[in-house]
Structures are given as structure tokens and as C-alpha cells.
Amino acid sequence: MDAGTPALSVDGLGKQYGRQRVLESVSFSLRRGEVAALLGENGAGKSTMAKVLAGAISPDHGTVAVDGRPVTFASPRSALLQGISFMPQELIYVPRLTVAENICLGRLPGRLGSTSPRAIRRRAQDEAQTFDLDLPLDRSMDSLPLAQQQQVEILKALARRSRILLLDEPTAALSSRDSDQLLQLTTTLAARGVAVLYISHRLDEVFRVCDTAHVLRNGRLVSSSPVRDTSPREVIEHMLGRPPEEIDFSSEARPQSRPVLELTGWHRDRIPALRDVSLVVGEGEIVGLYGVRGSGAETIAETLGGLHADVTGGTVVSGRPLRHLSTPLAAHRAGISYVPADRKSQGLVAILPIVQSLSLAVLRSLTRLGVVRRRREAAAAAGLAEQVQLRARSLTQPVGELSGGNQQKVLVGSRLAAKPKVLVLQEPTRGVDVGARLELHRLLRALADEGTGQLLVTSDVEEAVGLSDRLLVVRDGRIVHEITHPTHASQPEALQAAGGPE
Amino acid sequence: GGGSSGAAGPSGDAFKISFANFTEAAPLFRVIHTNLDDVISRGDSGLELKWYDNAGDAAKMSQNAQLMVQDQPDAIVVYPVSAATQGVSQILADGRIPCVSVNLDTEACDFLNIDNRALGEQTAEIIGRAAAERGWNASNTTVLIGQNAASGEQVNDCVRYFYSTIAPILGLEEVDPTTITPTTTTIGANAIQFEGASTLQPSFEAVTNLLPSIPAGNNIILYTVNNDSTTGALRALEDAGRGGDDVLLIGGLGGDETGITALREDPRWVAEGDIFVSWWGAYAAAMAKAVAEGAKPPADVTPLPQIVLDKTTVDEYHAPGSAAVSKLPPLVPDNEFLDQSGVLQYVRGVAGL
Amino acid sequence: MKTTTGAPVGDPAVGAPGAGPSPRRRLGLSEGALQTLLLFGFLVLVAAYFTSRDPDFLTSRNAVNILVNASVIGIVSLGQLFALVSGGFDLSVGGIVPLGGVGFALLVNADYGVLPAVVLVLAAGGVWGVVNGLLIAKARINPLIATLGTLSVTGGLALTLADGVQVPFVDVADGVLTRRQLFDVNNHVWIFLGLAVVVFLVLRYTSYGRQLYAVGGNKQAARLAGIRVDGVTVIVYVVSGALAALAGAVLASQLLTGSGTAGTNSGLQSITAVILGGAALSGGVGGVPGTVIGVLILGALANGMAILSVPSFYQTMATGAVLLVAVGISQFRSSRRAAS
Amino acid sequence: MKTTTGAPVGDPAVGAPGAGPSPRRRLGLSEGALQTLLLFGFLVLVAAYFTSRDPDFLTSRNAVNILVNASVIGIVSLGQLFALVSGGFDLSVGGIVPLGGVGFALLVNADYGVLPAVVLVLAAGGVWGVVNGLLIAKARINPLIATLGTLSVTGGLALTLADGVQVPFVDVADGVLTRRQLFDVNNHVWIFLGLAVVVFLVLRYTSYGRQLYAVGGNKQAARLAGIRVDGVTVIVYVVSGALAALAGAVLASQLLTGSGTAGTNSGLQSITAVILGGAALSGGVGGVPGTVIGVLILGALANGMAILSVPSFYQTMATGAVLLVAVGISQFRSSRRAAS
Ligand SMILES: Nc1ncnc2c1ncn2[C@@H]1O[C@H](COP(=O)(O)OP(=O)(O)OP(=O)(O)O)[C@@H](O)[C@H]1O
Ligand SMILES: Nc1ncnc2c1ncn2[C@@H]1O[C@H](COP(=O)(O)OP(=O)(O)OP(=O)(O)O)[C@@H](O)[C@H]1O
Ligand SMILES: [Mg+2]
Ligand SMILES: [Mg+2]
């Protein structure tokens with residue numbers, strides 16, 4: 001094969017969900033033996049790009065070529081046949097099969113359709129040795145901790161002997177030692193001619209193993225440069241862009257404002273673990289929690305939403321200690337409103353009209369003798385819609401038909417309806433376009449000024465620094481760094497603290 | 001299929017009957033429909049029929065009752081599903097249309113039925129004799145009777161009285177027949193009742209499962225509410241090697257092809273309660289017309305033709321070599337009025353017509 | 001740079017949903033309303049067809065006949081609607097209907113009087129509903145299997161109570177539930193229509209109704225919104241069980257007999273009606289108007305086919321076919337929704 | 001500042017599953033194997049109980065009796081196992097069994113000979129399987145509803161073919177499928193045991209088998225791994241349909257009659273057996289040993305209750321109860337897994 005032709009080349013790729021342009025005419029290419037980083041904020045389109053290349057979803061526009069030959073993937077199967085293997089960001093495995101079977105999934109040993117548990121185990125064993133991973137091959141997949149599951153997924157992809165390898169945030173859940181091992185592997189494979197597309201939020205990794213850095217912003221490829229010609233600072237600037245509406249929200253500090261939320265000695269063993277987490281959120285204060293996926297920041301938010309009953313520690317809401325926080329209802333009762341990260345599966349009931357979605361969390365207060373007081377409901381809904389500057393045809397429209405950004409506004413609005421003492425926001429602007437994000441930021445700041453204490457968990461660093469009065473950086477289940485009055489200048493500091501090498 | 005089968009003449013002067021059959025999904029009942037259609041097609045009987053299918057379902061049947069009343073025919077014939085009779089009775093009573101109820105009593109209608117009790121008793125006498133000759137008795141005999149709980153008490157009279165009659169003949173434990181209910185499973189030491197649902201498979205499975213309860217080496221006497229159930233049970237006994245000619249005696253009920261052929265060819269099959277089911281349609285139609293024309297049927301029940309055949313009498317009523325009915329028993333005082341309607345004249349071979 | 005603009009690579013459907021307003025949007029109709037309207041059109045077609053084959057079909061008298069028979073399964077379907085909206089099933093009604101019928105007959109024969117008997121029967125049905133609800137919400141048993149299990153238990157119980165044979169009413173006056181009184185229309189028809197209105201109001205205007213749709217639409221999101229998902233679910237099966245038992249009492253009154261075998265197939269029938277009425281198996285959608293029309297369509301089919309003397313096993317096939325078509329459509333709808 | 005140190009945030013019990021090795025892990029047993037072992041223990045208990053009540057139960061003769069009845073539903077259950085492992089259902093067997101029986105009877109009476117008749121019947125069952133498979137995999141219709149629809153269609157078809165009457169074998173020799181030959185055990189018992197071995201090998205030692213478990217366990221993961229999910233699914237229902245049709249032929253041979261009503265309830269029966277055998281409704285688990293034991297337990301229950309002369313209604317109830325208990329256990333297992 002002539003070394004000139006790229007192993008993989010993408011031309012004018014476009015992908016659209018509903019009215020949201022997730023990818024817009026993206027073009028780049030990947031040489032044999034090259035390790036290319038695909039960078040960008042949350043929702044920039046990285047995973048979508050990877051999924052398109054893996055045949056998991058089909059693009060609306062553009063062409064993909066392997067070794068110069070144009071290809072169209074009807075399914076992941078056809079991509080695999082072209083020598084492309086993919087390790088998705090969200091682990092997707094068969095929970096009840098053994099680790100060995102998951103490793104060999106889709107390419108079982110044996111001929112003429114015959115195979116056997118022993119043969120499967122043997123192959124898995126070989127692969128594990130080839131890539132020098134130590135895994136409990138006979139355990140059922142769902143009995144493994146997240147980190148090991150992640151390793152299995154990596155091995156599954158490697159074992160394909162593919163010529164093109166797509167890794168979507170492979171180290172998100174790995175300890176730094178495991179990460180180092182993976183990075184080592186990646187370079188070896190590259191040396192053997194494998195082309196690797198490496199998606200990660202950890203810049204230190206990128207600068208250690210990658211040859212090229214492609215940066216996506218809101219679905220557009222904004223820069224592609226060899227890593228040696230660039231710097232983390234520069235890459236981050238590309239990721240965030242120089243937003244013209246550069247507004248510094250952080251208002252005057254309220255150091256001695258009354259605490260509305262106090263966490264003391266929160267601890268959790270299961271991954272993602274928490275180690276003695278204590279923090280305070282003051283009245284009208286927005287405290288940011290920043291950390292990579294699996295760092296524990298998300299776990300803290302979810303626990304406050306009543307999703308994790310296995311976290312121990314003390315919790316006090318506006319001076320009143322909570323006896324338990326084991327269900328979402330308990331959280332509501334305690335005056336905590338929680339905006340979950342995944343609006344699609346956790347946040348919204350797609351088929352409900354906007355009005356009902358906005359009132360769902362506060363039905364009780366709108367009900368008399370079991371009957372919903374529709375006028376009040378409509379009025380309240382109209383108010384909230386106004387407040388979050390919702391754009392919809394009518395408030396009777398099913399929320400599932402709204403654009404991502406507007407769905408997110410409905411979600412946030414539905415949680416504001418309760419007029420909470422504490423607002424816990426997880427990825428509040430995930431998948432939201434730049435304009436909408438700004439509107440939400442304004443809204444949240446306004447709420448803070450009215451006294452609502454807010455805990456903001458986001459992996460979008462611009463948001464973290466731009467919105468928080470105080471920014472706590474979480475890493476490996478600990479709060480490792482605090483930045484008071486963060487500004488845009490604090491972004492590299494935050495990224496370093498969250499992802500830099502130990 | 002269903003559909004209307006009409007007389008040749010203009011339907012204006014034809015005598016209209018709406019007829020709801022028990023079900024079209026079982027052979028036993030289907031012949032009632034097909035054979036009556038056949039009778040009508042033999043010439044101008046002056047009858048026009050509209051068929052309904054109760055499908056063995058009580059709700060379906062009460063719906064059919066409403067529809068039949070709505071047809072405003074000259075008469076209605078209904079073969080009721082056991083559970084619906086009372087409710088249907090009201091619908092028909094409100095309809096004020098002459099009606100005949102077959103096999104199960106419907107208060108608002110005149111009742112046309114076989115005598116299940118007599119069938120059981122007569123069959124028991126024939127089999128009892130044969131068994132006694134072979135020296136079967138309480139020490140070496142098990143009586144196997146198959147019920148169908150869902151079809152109601154009247155129908156199960158045959159097996160009840162079969163046992164109460166055969167018990168004294170063979171010196172088995174005697175019981176009051178009315179104490180034999182659907183939940184009865186064993187009667188004394190020598191009898192077992194199984195639920196056969198009048199169909200093959202349940203009878204086969206039930207009997208296969210209770211085989212161990214039949215003392216090894218015991219002779220077996222088998223009698224059930226119909227020949228489907230009997231056949232299923234027989235298959236199970238044969239499969240288990242307990243169907244030998246010298247250890248099994250069978251009394252059939254139905255007079256269908258299975259029963260008649262077996263009565264001729266199968267040494268174990270010594271009696272057949274012949275109830276000429278295929279002709280019930282004709283008798284019911286005859287009765288409906290007669291009643292509509294003012295005949296006064298007996299208050300309690302108008303008897304259907306029936307006779308318990310043994311190997312010597314079978315050819316009298318069924319053409320040798322065939323199961324086809326060659327002769328029907330003569331009309332008796334209680335059902336003589338049926339000839340007035342002229343319908344039975346199309347049924348060849350009713351003795352004395 | 002060169003792009004193959006407009007020409008989508010691979011499955012174009014993926015992009016499609018977003019593009020262009022759907023026809024009904026131009027009509028300014030809610031999806032559900034359109035669905036119900038179409039269904040009503042279908043009902044009219046069915047009626048027209050049968051009338052063309054036999055004018056007897058389109059008489060006020062026959063209309064009452066259809067209602068008389070449809071109302072029993074209609075009452076069951078109103079309960080089944082709760083189950084399907086919640087994203088579940090209730091097959092146990094096939095056992096609870098006969099159980100209610102036999103129980104009712106035994107009670108009135110024991111001179112409890114009709115009203116107390118109805119109350120007791122409703123309670124019994126509700127208790128079995130609690131059993132279903134706990135099996136499903138707490139023991140996390142798949143609704144299908146849970147209710148299949150209780151189906152055979154309750155069915156067997158009905159036969160046992162009836163001692164295998166039917167229980168005729170001693171006093172025919174106890175059949176009042178189905179007597180023709182108001183406007184010469186049977187009481188149970190009014191009961192059905194009344195219940196339909198009540199359920200309509202409950203689903204539409206009460207906070208329970210709201211929560212039910214939310215739970216059926218997305219359990220997890222409902223839970224995060226602070227809704228007691230388990231409680232809502234248990235109530236679903238209590239309602240379904242109670243209504244099934246009531247239907248049993250009505251059926252018994254109609255037959256003036258409690259029968260262990262009457263109504264055993266009301267599980268499939270009611271599910272068919274509700275699905276036909278526009279409920280999606282994925283839960284969260286469906287309503288009373290559609291359900292009522294679904295019931296009437298099936299009633300009209302049975303009545304018409306009987307008038308045309310169609311053998312019952314063809315009727316079974318016809319029903320099965322209708323079911324597949326109806327669900328095919330509902331499936332299509334919900335997949336479209338998922339895509340957008 | 002005041003704190004409630006150490007006080008657990010909510011119910012710590014939930015945390016438990018994660019901690020400590022489960023007993024069976026100490027035993028060094030796979031979860032499935034343990035499950036099967038427990039089930040076998042249950043079977044032994046059942047047998048012991050019945051024997052204690054009536055020694056006749058534990059005789060080689062009676063063992064054959066149990067097998068004679070159990071084998072028919074056993075063959076259906078082997079097919080149902082595929083459906084449940086794939087995460088679906090096949091209720092249409094309740095229509096395909098009688099259809100197969102009637103078809104077989106008509107064919108042998110038309111002198112096709114037993115073997116060709118069996119082949120044709122298998123093919124017919126397979127075709128209906130394709131219909132199910134396409135409805136489920138392509139039209140995306142919920143397996144329950146899809147197979148309920150085909151259930152009523154095939155069931156009606158069986159009655160139509162038999163024209164509402166039974167089809168007795170003209171030549172009794174055509175009943176060879178169920179004759180007692182080898183070791184005085186009926187041929188169809190050997191057929192069942194043979195098929196059980198084959199299915200065992202297919203599920204365990206072929207890539208199709210492993211793919212089936214993957215599809216049932218997580219469709220999306222299977223698809224990403226390049227497995228043809230739709231193809232695998234269609235084959236599932238083809239196998240299930242074909243085996244159901246074969247069971248119909250066996251049943252007909254047993255009765256020497258094809259009957260449109262024989263085997264109509266094999267849907268529920270087979271699902272019960274397979275679930276009892278340790279399959280989870282969520283798909284991805286279940287196996288032949290468990291299924292066979294499940295079939296035997298149900299067979300032993302029916303047989304034992306008959307020997308102890310338990311009235312048939314009570315038998316229905318007992319079966320329903322056993323189903324709930326069994327599924328309760330299986331559900332408990334999977335929820336435990338979900339928690340960890
Ligand atoms: N995608 C991959 N994932 C994991 N290991 C790989 C991959 N590609 C290659 N390897 C390892 O590297 C070895 C050689 O790789 P590769 O075949 O690409 O090099 P090569 O120069 O083409 O050697 P050959 O002459 O055998 O083709 C393989 O045997 C395999 O162990
Ligand atoms: N199935 C879908 N339907 C609608 N919108 C989607 C879908 N999948 C992704 N999106 C949207 O596409 C955008 C890009 O998503 P994608 O997962 O590619 O982002 P990403 O760059 O991978 O972000 P992250 O860094 O969090 O992984 C997001 O706004 C997301 O909301
Ligand atoms: Mg991503
Ligand atoms: Mg090479």
C-alpha cells in the first residue's frame with residue numbers, strides 16, 4: 001500500500017439531529033501510524049464523529065474514504081470489515097456474559113460456526129497477554145468495577161487487529177497508571193502502522209502521545225495542527241474560541257454569606273469513589289465543581305439529587321441536618337433541586353407537553369383535592385418559559401420536539417419551579433448552542449443574586465470559570481484545588497489541576 | 001362455514017328459523033348444522049335457516065340470542081352454553097318468539113333433550129353384564145369415568161348414573177349419584193373420575209397421569225360423556241399397555257363414526273349410547289315449526305331419539321359397513337307431535353313415518 | 001472543499017424527522033386527536049360495510065345490542081388503559097372477570113343485596129390488583145408474567161368457588177345491573193359510559209393522571225421529578241383489578257349466572273381494544289376516547305360478523321389481523337416520536 | 001460548623017451488594033450452574049413429597065408417564081428457550097402446535113408418509129417463524145403483541161384447515177412418532193431428549209448460540225460488535241415455530257388425530273417451563289438443563305397432583321403459584337446483578 005494515501009480521510013462530513021447541527025462539513029485525514037487527537041468541549045461533536053466513522057450512525061452529508069477508497073457504512077459491521085474498530089465513550093458491553101466472551105464478542109474462535117467456552121477463554125487469554133492486561137476473564141462483566149470494564153472495552157477494540165482504531169475518552173475512568181499503560185500501547189500500535197483517532201479531555205495525554213490535534217467547536221473543525229507546533233494554551237483557545245460576548249459574570253464576592261449547603265466527610269467506595277469530600281455553598285453563591293469524567297464531581301451532584309444511597313457523610317441544608325438523602329423525593333423535600341446531566345433519559349418525559357413538563361416537579365403545589373388547577377399551572381408555566389426565554393411554537397408542544405437547547409431550558413425551568421434553597425446543576429448547558437448557553441448563564445446568575453445557592457458540576461471549563469464564584473477542582477474523588485474568583489485566565493490552571501500529570 | 005340455507009320458494013312463505021349451535025369448532029356439534037342443511041336441501045321442506053355460533057362462550061351466546069330475536073324469525077332454536085341459559089331465557093322471553101332449547105333447558109323455551117341418566121344406566125347394565133360374565137368384581141376392577149365439568153350437571157348425569165348402576169352389579173361401593181360432583185376424583189376403592197373436558201388431549205393427559213392409581217393387573221371399565229374424551233383416555237391406556245382385550249371394557253356415547261365402527265370391530269367396545277346427534281337439528285326444527293303452529297309439547301321435556309346399542313343391535317340402526325344412520329327409533333307418545341310439522345318426513349328412515 | 005451536498009450518506013431517515021412540518025401540524029391537531037379521528041373514521045367505515053351487507057345492522061336496536069356486549073369488555077378496557085399507559089399489561093383480568101362473576105352470584109344468592117355485593121366484588125378485585133402491583137413494582141416481576149401468574153390463580157379460584165359448575169342467580173331480580181331501564185337502554189351500558197367519563201376526567205385533570213402519563217413516558221425522569229413511581233404503579237393494577245371484577249358482576253347479571261368460564265379471554269380482548277385505541281406499548285400514551293372507539297370497533301366487528309353468520313374462527317383471525325395492523329401503526333408512531 | 005458526621009446519607013443497605021463475595025463464588029460455581037442445581041433440588045423435593053404421599057409415584061413406569069406428557073411441551077419449550085434468551089417471547093406456539101397437528105394428520109392421510117409429512121410440517125412452522133421474526137426484528141412490533149397476533153391467525157387457521165372437525169389418522173401405523181419402541185419408551189420422548197442435546201450444543205458450542213446470548217444481553221453492544229442482530233432474531237422465531245409445529249405432529253400422533261384445539265395453551269406452559277428453568281425475562285440468560293428440569297417439574301406436579309387425585313382447578317392454581325415463585329427468584333437474581 002502506497003504510504004501517501006491516508007488510512008482514513010473524511011470530507012465535508014455533516015450530521016444533524018433534528019434542527020441541531022452536530023457536525024458541519026468536517027474534513028481531515030489520518031495517516032497509517034498516526035495518532036491524532038480529536039478535541040473539543042462537551043457537545044462539540046467528537047463522539048458523533050467517532051460514531052459516524054464506526055458506522056454506528058450515518059452522516060447526512062460528506063464522504064468517508066479508507067485507504068483512498070470511498071466507503072459508506074450501513075452498520076458497525078461494515079466498518080469493522082473495513083478494519084475500523086471503535087471504543088465508545090459510554091461503555092457498551094453484555095452485562096451477563098463473562099469478560100472473556102465480551103472480549104471475543106463478534107469474532108468468536110472456531111470454524112464452521114463452531115466454538116466453545118474453552119476456545120473463547122483461550123483467545124481472550126492470548127489477547128490479554130498480547131496487550132499485557134490482567135483481567136478476571138471468568139467473572140461476569142457486570143461484576144467488574146468501572147475501571148476494569150473500561151479496560152475490557154479497550155482490549156475488545158485492540159483485539160480486532162484493526163488498522164484504524166477509534167478511542168473515545170478511553171482513559172476517562174482509568175487510574176493514571178492504567179492510563180500510562182494504555183498510552184504506551186497506543187504508541188506501540190502506531191509504530192506498527194495502526195492509525196489511531198484519540199478523543200480525550202486530558203490535554204497532558206494528548207501532548208504525550210499524539211502527532212496531530214484536531215479541534216472541534218460546535219461541530220466545526222476550527223484547527224488542525226501538529227502538536228509540536230502548538231501549546232495547551234493555544235489548543236484551549238481553539239476549543240473555546242474567543243467568544244465575542246465575553247461577559248464576566250462573577251459578581252462581587254459574598255464571603256460571609258450564610259451557608260445553605262454543607263457537605264462534610266462524604267465517602268464512597270464504589271467507583272467513582274469519593275474520599276472525604278467536604279464543601280460549603282453560601283446563600284447566593286455559585287460554587288463550581290470541575291473534574292474529568294469519573295473524577296467524582298458528577299457523583300457528588302447525583303448524590304445530592306438522591307441517586308446514590310451508598311454515600312456516607314454529613315449533609316446540612318440551610319442549617320438543618322438531613323437524616324437521609326436516598327431518594328429523589330427526599331432531595332426535593334429537603335429543598336434541593338437537581339438538574340441531571342442526561343436530560344434525555346433522566347430529565348424529561350419527551351412525550352409530555354411543555355406545560356406539563358414544567359409543572360411535573362411541583363404538581364403537589366398546583367393541586368387541590370387531587371385536581372390540577374390548570375389556570376395556575378398555565379400561568380406558572382408561562383412565567384417559567386418567559387424566565388428561561390424558551391422558544392417554542394406553543395406551550396402545548398411535546399417537549400421531545402424541541403431543540404436540544406430549548407429542551408435543556410425546559411429541564412432547568414422545571415427545577416426552578418420549586419423555588420429551591422439549593423440548586424444542583426449537572427452539565428446545565430450540555431448540548432446547548434452558544435447563544436442558549438449564554439442565556440442560561442445569565443438566568444443562573446440572576447437566581448444567585450436572588451439568593452439561591454448553586455452547585456455547578458460541569459466538564460465545560462469555560463462554563464466552570466465563567467459562572468462560578470468559587471471553583472473547586474475534583475480529582476480521584478478528592479477536592480484537590482480551589483480557585484476563588486476564577487476568570488477566563490484561570491482556565492489552564494483548572495485544566496492542569498483536573499487533568500495534569502501527578 | 002355458516003350462511004343462510006334457504007328453501008327453493010320465495011322466502012316470503014318459507015318458515016324462518018334462527019338456530020344457534022353450541023359450537024362449530026367440534027365435530028360432535030358441527031354435524032347438527034351440516035346434516036340439517038343436508039335435510040333441507042333434499043326438497044322444499046319450507047324451512048329457511050339462519051345459523052349462529054355460540055362458540056362455547058356464554059357471552060357470545062347471549063349476544064346471539066339478542067341478534068336472533070332481532071331477526072324476528074318464525075321460531076328460534078338454541079343449543080345453549082351451560083352458563084348462559086338463564087340470562088338467555090330472559091332475552092328470548094322478551095322476544096316472544098316460539099323457541100326450542102336443545103340438550104340444556106332454557107326456561108323460556110320448550111325443551112328437547114336426550115335422557116342422559118337413562119343412557120348411563122342402560123350402558124351400565126350392558127357393560128355390567130359383560131363384566132360379570134368375565135368374573136370382574138371389586139377385587140379386580142377399576143371403573144374410569146370422564147366428566148366435563150364446564151358442560152353442567154345434566155350432561156354429567158350419564159357418568160354419575162353409570163356408576164351408581166354398575167356398582168351393585170359388580171359389588172362395588174354404592175354411592176348416591178348426586179354426591180358425585182365435578183370435584184369428585186375417587187369413588188370408593190374401585191372408581192376414579194377424571195376431567196376430560198369432552199376433548200382428546202386433556203383426557204389423554206389426565207388418564208396418563210392417573211395410571212399409577214389404577215392397581216396393576218386390575219381390569220378397567222371406561223365410560224365418559226362423549227367419544228372424544230373416551231378416545232383420548234383409550235389412547236392413554238393403550239400407550240401404557242393397559243388396553244388389552246381381556247382387561248378393558250368400554251361404553252361409548254355419541255353414536256358417531258368412532259363409536260359405531262368400534263362397536264362393530266373392537267371387542268372391548270361393548271356398548272354405544274346412540275343419540276343420533278346428527279339429526280338433532282332436524283328434530284329441533286320439526287319441533288320449532290310444530291310449536292309455532294300450535295302443537296302442545298310435554299311440559300318438562302320432549303325426548304330426542306336415543307338407544308343404547310350393543311354388538312347385536314348395531315346393524316339395525318346403522319347400515320352394515322357404514323356408520324350412516326339407516327333407521328331412527330320410532331316416535332314415542334311424548335314426541336309424536338313432531339310429525340305434524342312435516343319436517344321429519346324429509347328425514348328418511350324414522351321408523352313408522 | 002468538495003462536498004456531496006444534500007446527498008445523504010446511508011439511511012436518510014435519520015435526518016428526516018426534523019425536516020418540514022407534518023401534515024397534522026398544518027391541520028393544527030394534536031397527534032392523539034388525529035389518531036382518534038382516524039379511528040372514528042375506521043369505525044364509520046366498518047358500520048357502513050356491514051350495513052351495505054345487511055340493513056339490520058344500522059338499527060337503533062342493533063346499536064344497543066352492540067353496546068350491551070361491548071360494555072362488559074369496555075369496562076375491563078378502561079382498567080387495562082391504566083395498565084398500558086403506565087407501560088405495563090394486565091392479563092390477570094382474564095381470571096378476575098370470572099372470579100368477580102362467580103363471587104357476585106354467590107353473594108347475591110346469599111342475600112347480601114346487589115349494592116353490597118358490588119362493593120365486595122370491587123374490593124376483591126382491588127385486592128388482586130394490589131397483589132399484581134406489588135409483584136410488578138416491588139418484586140420487579142415483568143408485568144406480563146406477573147399477571148399471567150395471577151391469571152391462572154384467579155381463574156382456578158373462580159372455578160373452585162363455582163365448584164366447577166355455574167352459579168345461577170336464585171332471584172332473577174338480582175340481574176338489575178343489566179336491566180333495561182333508562183331510555184330502554186341497559187343499566188350496565190350507562191355504567192360503562194359513566195365510568196368512561198370518570199376515567200377521562202381522572203386521566204386528564206387529576207394530578208394522579210398526570211403522574212401516570214409521566215411514569216409511563218419515562219420512569220426514571222418521573223422518579224427524579226419526585227414522583228412515587230411504585231405507588232402510582234400499584235394504583236394502576238388496583239383500578240384494573242377492581243374494574244375487571246365489576247365487569248364480571250355485570251357479565252354474571254347479564255347471564256343471570258356466575259360462571260367460572262365466562263370472560264376468561266377478556267385479557268387479550270381488552271388489550272386489543274386499548275392498543276387499537278391508540279395506546280403505545282412503550283407506555284405514556286393512550287386515552288379514553290380512543291379506547292371507547294376501539295371497544296366499539298371490536299364490538300361492531302363481532303356483531304356484524306355474527307349477523308353475516310361468519311364462523312367464529314374466521315372472526316378470531318380477523319381480530320388477530322386487526323390487532324397486528326393497529327399495533328403496527330402505533331409502533332410506527334412511537335418510533336417516529338423517538339427519532340425526533 | 002455543625003455536622004452529623006458518619007451519619008449515612010440514606011439507606012446504607014443499598015450499598016451492600018457491592019461488598020463481599022457471594023456464597024456461590026466461594027463454592028466456585030457459575031451462577032447459572034448453581035441455579036440449575038437448586039432447581040434440580042426442587043425437583044427432587046417435589047418427587048420426594050409425592051412419593052411420601054403415594055409410593056406409586058416413584059416407579060420407572062410412572063417416570064415414563066411423566067415423560068410422555070412432558071415431552072410434547074418440552075419440545076415447544078426448547079424453541080421458547082431461544083425466544084426468551086433473545087429477550088423476546090413466542091406466544092404463537094399456541095396456534096402453531098394445533099396447526100402442525102392438523103397439517104400432519106392431513107398429510108399422512110394423503111399418504112405422504114410420516115417422514116415427508118414431518119419435514120413439511122417443520123417447514124410450515126418455520127415459515128410462521130419468519131413472519132414472527134420479521135414483525136419483531138423489522139416492523140419492530142413488541143414480541144408479545146406480534147406473536148399474540150400470529151397466535152390468533154394460526155389458531156384460526158388450524159380450525160379452518162380441520163374445517164371445524166377433527167382429522168383422525170386413517171392408518172394407525174402413522175402414529176409411529178409416539179410408539180413405544182426403544183426400551184419400551186415412546187419415540188417422541190427420545191426425540192425430545194435428542195433435541196435437548198442438540199439445542200444444548202447449539203447454544204453452547206456454536207457462534208450462533210453465543211451471538212444469541214449477546215443479542216439477548218445487550219442488542220446495542222451486539223450490533224457494535226458486528227453481529228447481525230436482525231438475522232439472529234429471525235432465526236430465533238424460525239426455530240421456535242418449527243419446533244412447535246413438530247410438537248403438534250407428535251401430539252397428533254399421540255391422539256392418532258389432528259385436532260384444532262389440541263395444544264392451544266402450550267404458549268403459557270412453555271414460557272412457564274423456561275422461566276422456571278432460570279431464564280430471565282430481560283433476556284440473555286437461560287439454558288437447556290434448566291429448561292428440561294423446568295419441564296419435568298411441571299410434568300411431575302401435574303402427574304403427582306393427579307395421583308393424589310387433586311381436582312383439576314386446584315392444579316391450575318398451583319401452577320400459577322409455582323410460576324410466580326420461580327420468576328420471583330429469577331427476577332431477584334437479575335436485580336442483585338443490576339445492583340452490583
Ligand atoms: N490493530 C492492532 N491491534 C493490536 N495489535 C496489533 C494491531 N495491528 C497489529 N498488531 C500487532 O502487531 C503485529 C504486527 O502488526 P502488522 O501486521 O500491522 O505489522 P506488519 O508489518 O504488517 O506485519 P505482517 O508482515 O505480519 O503483516 C500483529 O501480529 C499484532 O500482534
Ligand atoms: N441521538 C441524539 N439525538 C439528538 N442529539 C444528539 C444525539 N446524540 C448527540 N446529540 C447531540 O450532538 C451534540 C454532540 O454530541 P457528542 O456526543 O458528539 O459531543 P461530544 O463532543 O462527544 O461531547 P463530550 O465531550 O461530552 O463527549 C450534542 O449537543 C448532543 O446533544
Ligand atoms: Mg463524547
Ligand atoms: Mg502487514
Side-chain angles (χ1 to χ4, degrees), chain A residues 54-56 75-81 86 88 92-98 101-102 104-110 113-117 120 138 140-143 156 259 262 264-266 268-270 278 280 303 306 308-316 319 321-327 330, chain D residues 1-19 21-22 25 28 30-32 85 201-211 213-231 280 282-286 333-334 336-340:
Chain A
S75 69
R77 182 179 182 78
S78 37
L80 284 163
L81 294 176
F86 170 47
I92 303 175
Y93 53 85
V94 186
R96 289 166 189 183
L97 292 185
T98 63
E101 292 200 86
N102 271 282
C104 299
L105 201 64
R107 50 183 286 282
L108 299 164
S114 79
T115 184
S116 83
I120 292 175
D138 303 314
S140 84
M141 190 67 174
D142 53 9
S143 68
K156 197 161 89 185
E262 303 164 62
T264 48
W266 273 26
R268 183 177 195 252
D269 288 321
R270 299 237 307 278
S278 302
V280 179
T303 309
H308 295 300
D310 59 351
V311 172
T312 57
T315 314
V316 180
L322 298 188
R323 201 156 293 90
H324 79 125
L325 194 52
S326 55
T327 67
Chain D
M1 97 191 156
K2 59 186 163 342
T3 59
T4 62
T5 358
V9 182
D11 168 12
V14 183
S22 73
R25 199 156 293 157
S30 95
E31 186 145 3
V85 170
L201 295 175
V202 168
L203 291 184
R204 212 178 162 76
Y205 294 104
T206 69
S207 6
Y208 175 77
R210 303 324 297 170
Q211 289 176 359
Y213 281 87
V215 169
N218 181 341
K219 282 191 176 33
Q220 209 188 350
R223 181 163 173 276
L224 274 178
I227 294 172
R228 290 197 196 80
V229 174
D230 290 356
S282 35
V285 282
R333 284 208 328 284
S334 41
R336 253 200 50 234
R337 202 187 276 93
S340 69

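Each chain gets a letter, A, B and so on, in the order its sequence line appears, and its residues count up from 1.
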Part of Ile120(A) lying under 4.5 Å from any heavy atom of chain D: side chain
Ile92(A) CD1 to Gln220(D) CD distance, which is reported to the nearest 0.5 Å: 4.0 Å
Residue among Leu81(A), Thr98(A), Val94(A) with most heavy-atom pairs under 4.5 Å to chain D: Val94(A)
Residues forming a salt bridge (Lys or Arg N to Asp or Glu O under 4.0 Å) with Arg77(A), sequence neighbours excluded: none
Over all atoms of both residues, closest heavy-atom pair of Leu105(A) and Ala221(D): CD2-O, 4.0 Å
Top contributor to chain A contacts, counting heavy-atom pairs under 4.5 Å, from Ala214(D), Ala222(D), Gly284(D): Ala214(D)
Part of Leu80(A) within contact of chain D (heavy atom distance under 4.5 Å): side chain
Nearest atoms (heavy-atom pairs only) where Pro117(A) meets Arg204(D): CD-O, 3.8 Å
Least distance between heavy atoms, Ser114(A) atom then Ser207(D) atom: N-OG, 4.3 Å
Nearest atoms (heavy-atom pairs only) where Gly283(D) meets Arg96(A): O-NH1, 3.2 Å
Inter-residue atom distance Ile227(D).CD1 - Leu108(A).CG, 0.5 Å rounding: 7.0 Å
Arg228(D) atom CZ, over 12 foreign heavy atoms within 6.0 Å: no
Interface residue of largest heavy-atom contact number with chain D, from Asp138(A), Thr115(A), Thr327(A), under 4.5 Å: Thr115(A)
Smallest separation among heavy atoms of Leu224(D) and Phe86(A), with atom names: CD2-CD2, 4.3 Å
